[in-house]
Amino acid sequence: MIVHKFGGTSVANAQCFANVATIVIEQQKKGRPVISKIKNGGQSSGQSAPLEGAIVVVSAMSGVTDLLISGARAAAEGKDTVCREIKATLLSKHLNVVETLLGHSPERLEVAGHVEDRLHDLELLYRSIAVLGELTLRGCDAVASFGEQLSAGLLAAVLRENGARAQAFSATELIVTDSNFGAARPRMDVTHERLEQRVRPLLDRSAIPVITGYIAANEQGVTTTLGRGGSDYTAAIVGAGLGADEVWIWTDVDGILTADPNIVPEAKTLAELSYSEAAELAYYGADVLHPKTIRPVTESGIPLRILNTFSPTNPGTLIVKSPRPDRKVSPAIISTTGLTLIAVGTEDDSWTLADAVRALQLLSEAGVDALLFSQSFSEHSLNLVVREQSQAHCLHVLSREFGGSVSQSESVPSKRSRTLTKNGYVLGTKEKVATISVVGVPGWDETGIISHAFAALGKCRTRVIAVAQSGTEYAVSFCIPEDHVEETVRFLHRELGLEGQHG
Ligand code: ADP
Ligand code: ASP
Ligand code: MG
């Protein structure tokens with residue numbers, strides 16, 4: 001049995017839902033030769049056996065989770081109109097799928113009614129947040145969970161419309177976590193039991209379970225989430241819990257490539273990676289694979305594939321315990337945009353490490369992911385890279401602790417955008433940024449990838465704002481101005497000689 005996970009881009013609109021349904025039905029019928037882990041413990045050997053059975057894990061439609069969370073934040077600030085507009089956008093986005101794909105289905109009214117009911121519940125939740133005037137992490141998870149619940153319901157209906165027996169499941173009934181809202185950790189023992197009790201019987205009847213990605217619930221049944229981009233992790237948890245033969249992550253590119261192919265069209269797919277190589281890539285690439293995905297599959301020796309929903313016959317990237325010894329190894333560049341740089345500090349030298357710890361603690365409690373942070377000895381401030389969508393929330397949280405109003409000047413480098421707050425602290429956004437991570441592999445070059453990456457960046461004359469290096473010395477992340485990301489990625493790809501490489 002194979003767990004198929006479809007990301008937000010794979011279910012971006014009605015056409016994409018139809019495409020996903022075709023893939024799932026084909027895969028369920030014929031299966032595709034998969035590596036026999038029983039024979040060799042996840043080792044790539046070329047031996048294969050066709051296997052049947054499919055479980056689907058699905059993300060929210062592209063952009064929906066961002067919208068839901070912005071609505072929750074707007075509700076907390078009393079911006080009622082924003083919440084109403086968001087609800088209307090979500091309604092038309094999801095109903096469009098119903099009208100386009102289920103227009104003649106006997107289920108049409110029921111499915112449309114379900115979408116409307118769920119969005120009515122969302123409206124009520126927004127109102128409660130508005131009354132409270134604050135958004136807790138628990139409230140944020142409750143709001144964020146709507147996206148996957150809607151998409152799973154739609155996909156199951158589209159599959160049924162295409163002749164498959166499919167049933168949607170909310171992972172709040174299947175995956176049991178602790179109460180660490182925003183980044184909950186699964187309890188595999190109870191989760192395993194629930195998957196066996198509720199999902200296994202469907203598989204035995206050759207039906208297709210369609211499970212919500214990203215969301216779960218604690219032991220009291222309160223909704224939690226696994227962290228942004230967490231549907232990949234859900235697929236790995238489900239795969240490990242049910243002893244899947246393989247876990248396939250379907251996305252919008254041909255696997256993990258030497259660079260984002262949207263920027264470098266000639267980038268090559270890394271055909272095979274080991275679990276530890278993939279973990280390093282995932283850890284430094286915020287998007288391409290959720291970093292926690294690797295552990296559950298590693299523990300069970302389950303092969304993982306990254307495949308392209310829009311080019312399903314492409315072999316993609318295979319991640320196994322022991323890749324073929326004769327494969328070519330190659331570094332990869334992972335780039336992430338849509339980020340912003342925030343600085344908090346003091347004008348004089350009174351900024352201490354304890355202040356930095358306090359700032360990071362506050363952000364963690366407020367559910368803001370700092371994708372990268374840096375503090376040098378000479379600077380009296382902490383630089384934080386957060387998603388642009390979290391910028392206002394992040395400034396709000398920090399300004400409560402560090403006092404005063406904050407400046408929000410975009411694209412203004414360095415100190416000019418800073419504001420002196422009343423307590424002597426300085427807080428402000430600096431500019432829109434991107435991160436570029438260069439992740440190497442052991443044995444690629446004696447001196448390692450990091451010195452090559454620095455040399456290449458020097459030649460490219462890119463302004464580097466912050467740097468973070470991995471302890472393994474195989475990876476380095478640079479924070480650069482967002483408008484330089486494409487030329488820098490293209491330059492690095494050429495300069496590091498990745499054009500001729502392939503896995
Ligand atoms: P999904 O919606 O399927 O979860 P994501 O947007 O989270 O997809 O991740 C896939 C995206 O990662 C690609 O569309 C691509 O823009 C980006 N990406 C950045 N660097 C790379 C890389 N080296 N290889 C593949 N994808 C990359
Ligand atoms: N929908 C969630 C997010 O946007 C989870 C995911 O897409 O993997 O973060
Ligand atoms: Mg993703």
Side-chain angles (χ1 to χ4, degrees), residues 4-12 16 20 57-70 140-141 143-152 171 182-183 211-216 225-237 248-270 273 277-278 280-282 284-293 306-311 314 316-317 330-338 367 369 387 389-390 434-439 475 477 485-486 488-490 492-493 496 498 501 503:
H4 298 268
K5 178 260 167 179
F6 294 90
T9 40
S10 300
V11 288
C16 294
V20 166
V57 170
V58 67
S59 291
M61 291 176 76
S62 179
V64 164
T65 310
D66 284 351
L67 270 178
L68 286 164
I69 296 174
S70 328
C140 193
D141 278 1
V143 167
S145 71
F146 280 77
E148 272 68 12
Q149 301 203 10
L150 288 167
S151 61
I211 302 175
T212 56
Y214 175 54
I215 67 175
T225 64
L226 305 175
R228 293 304 307 270
S231 301
D232 299 338
Y233 189 24
T234 304
I237 293 169
W248 293 5
I249 308 279
W250 294 87
T251 184
D252 60 344
V253 289
D254 288 339
I256 301 181
L257 291 95
T258 49
D260 184 342
N262 299 304
I263 300 177
V264 185
E266 60 277 15
K268 301 280 186 302
T269 301
L270 305 179
L273 293 170
E277 288 159 3
E280 190 98 0
L281 278 158
Y284 286 90
D287 272 343
V288 68
L289 191 63
H290 190 279
K292 291 185 182 166
T293 312
I306 321 280
L307 299 161
N308 190 346
T309 316
F310 305 101
S311 175
N314 189 295
T317 298
S330 167
I333 300 168
I334 315 271
S335 47
T336 308
T337 51
D369 282 342
R387 290 192 178 86
Q389 197 218 3
S390 306
T435 58
I436 294 187
S437 303
V438 180
V439 184
S477 296
V485 71
E486 298 205 354
T488 308
V489 169
R490 279 195 279 269
L492 278 176
H493 197 258
L496 294 174
L498 304 185
Q501 306 270 340

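First listed ligand is number 1; within each ligand, the first listed atom is number 1.
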* Asked: Are any of the heavy atoms in Ser335 under 4.0 Å away from ligand 1?
  -> yes
* To do: With Asp232 as reference, evaluate Ile249, Val57, Ile237 under the side-chain contact (heavy atoms from CB on, under 4.5 Å) test and give the passing residue.
  => Ile249
* To do: Hey, could you give me the CD1/NZ distance between Ile211 and Lys5, rounded to the nearest 0.5 Å?
  => 14.0 Å
* Would Gly229 count as a contact of ligand 2 if the rule is a heavy atom under 4.0 Å away? -> yes
* Structure fact -> Interatomic distance, OG@Ser390 vs CD1@Ile69, rounded to 0.5 Å, equals 7.5 Å
* Any idea which protein heavy atom is nearest atom 6 (C) of ligand 2, and the distance to it? -> Ser231 OG, 3.3 Å
* Min heavy-atom dist Gly8 to ligand 2 below 4.0 Å -> no
* To do: Check each heavy atom of Ala259 against ligand 1 and say whether those closer than 4.0 Å belong to the side chain, the backbone, both or neither.
  => backbone
* Structure fact -> A student checking ligand 2 against Arg228 at a 4.0 Å heavy-atom cut-off should list atoms 3 (C), 4 (O), 9 (O)
* Asked: Of the options Thr337, Thr336, Val485, which is the one that meets Thr435 in a side-chain contact (heavy atoms from CB on, under 4.5 Å)?
  -> Thr336
* Asked: ligand 1 and Gly8, any nitrogen or oxygen pair closer than 3.5 angstrom?
  -> yes
* To do: Would you kindly specify which portion of Glu148 sits under 4.0 Å from ligand 2, judged on non-hydrogen atoms: side chain, backbone, both or neither?
  => side chain
* Test item: Ser10 and Asp252 side chains (from C-beta on) under 4.5 Å apart, heavy atoms -> no
* Asked: Can you tell me if Gly229 has a non-hydrogen atom under 4.0 Å from ligand 1?
  -> no
* Heavy-atom distances under 4.0 Å are what count here, so tell me which part of Val253 touches ligand 1: side chain, backbone, both or neither. => side chain
* Asked: Have Asn314 and Asn308 got a donor and an acceptor in their side chains that come within less than 3.5 Å?
  -> no
* Min N/O separation Ser10 to ligand 1 under 3.5 Å -> no
* Asked: From Ile306 CD1 over to Thr317 OG1, what is the distance, rounded to the nearest 0.5 angstrom?
  -> 6.0 Å
* Is the shortest distance from a heavy atom of Lys5 to ligand 1 less than 4.0 Å? -> yes
* Any Gly255 heavy atom less than 4.0 Å from ligand 1 -> yes
* Asked: Can an N or O of Leu257 be found at a distance shorter than 3.5 Å from an N or O of ligand 1?
  -> yes
* Salt bridge present between Arg228 and Asp369 (N-O < 4.0 angstrom) -> no
* Structure fact -> Between Thr258 and Pro331 the two heavy atoms that sit nearest each other are CG2-O, 3.8 Å
* Indicate yes or no: does an N/O atom of Thr65 lie under 3.5 Å from an N/O atom of ligand 2? => yes
* **Proximal candidate to atom 23 (N) of ligand 1 [heavy atom criterion; set Thr336, Ile256, Ile333]** => Ile333
* **Per-atom contacts, ligand 1 versus Ile334 - under 4.0 Å to a heavy atom** => 20 (N), 23 (N)
* Structure fact -> Value for OH (Tyr233) from CG (Leu226), rounded to nearest 0.5 Å, stands at 7.0 Å
* Asked: Are Phe6 and Cys16 side-chain neighbours, meaning at least one heavy-atom pair lies under 4.5 Å?
  -> no
* **Interfacing atoms of ligand 1 (cut-off 4.0 Å, heavy-atom, Asp252)** => 10 (C), 13 (C), 14 (O)
* Parallel, tilted or perpendicular: which fits the ring planes of Trp248 and His4, with parallel below 30° and perpendicular above 60°? -> perpendicular
* Could you list which atoms of ligand 2 come closer than 4.0 Å to a heavy atom of Ser59? => 6 (C), 7 (O), 8 (O)
* When rounded to the nearest 0.5 angstrom, what distance separates CG in Leu257 from OG1 in Thr269? -> 4.0 Å
* Who's closest to atom 18 (N) of ligand 1 heavy-atom-wise, of Val489, Asp260, Asn308? -> Asp260
* Structure fact -> Near Thr251 (heavy-atom distance under 4.0 Å), the atoms of ligand 1 are 1 (P), 3 (O), 8 (O), 10 (C)
* Please indicate whether any nitrogen or oxygen in Asp232 is less than 3.5 Å from any nitrogen or oxygen in ligand 1. => no
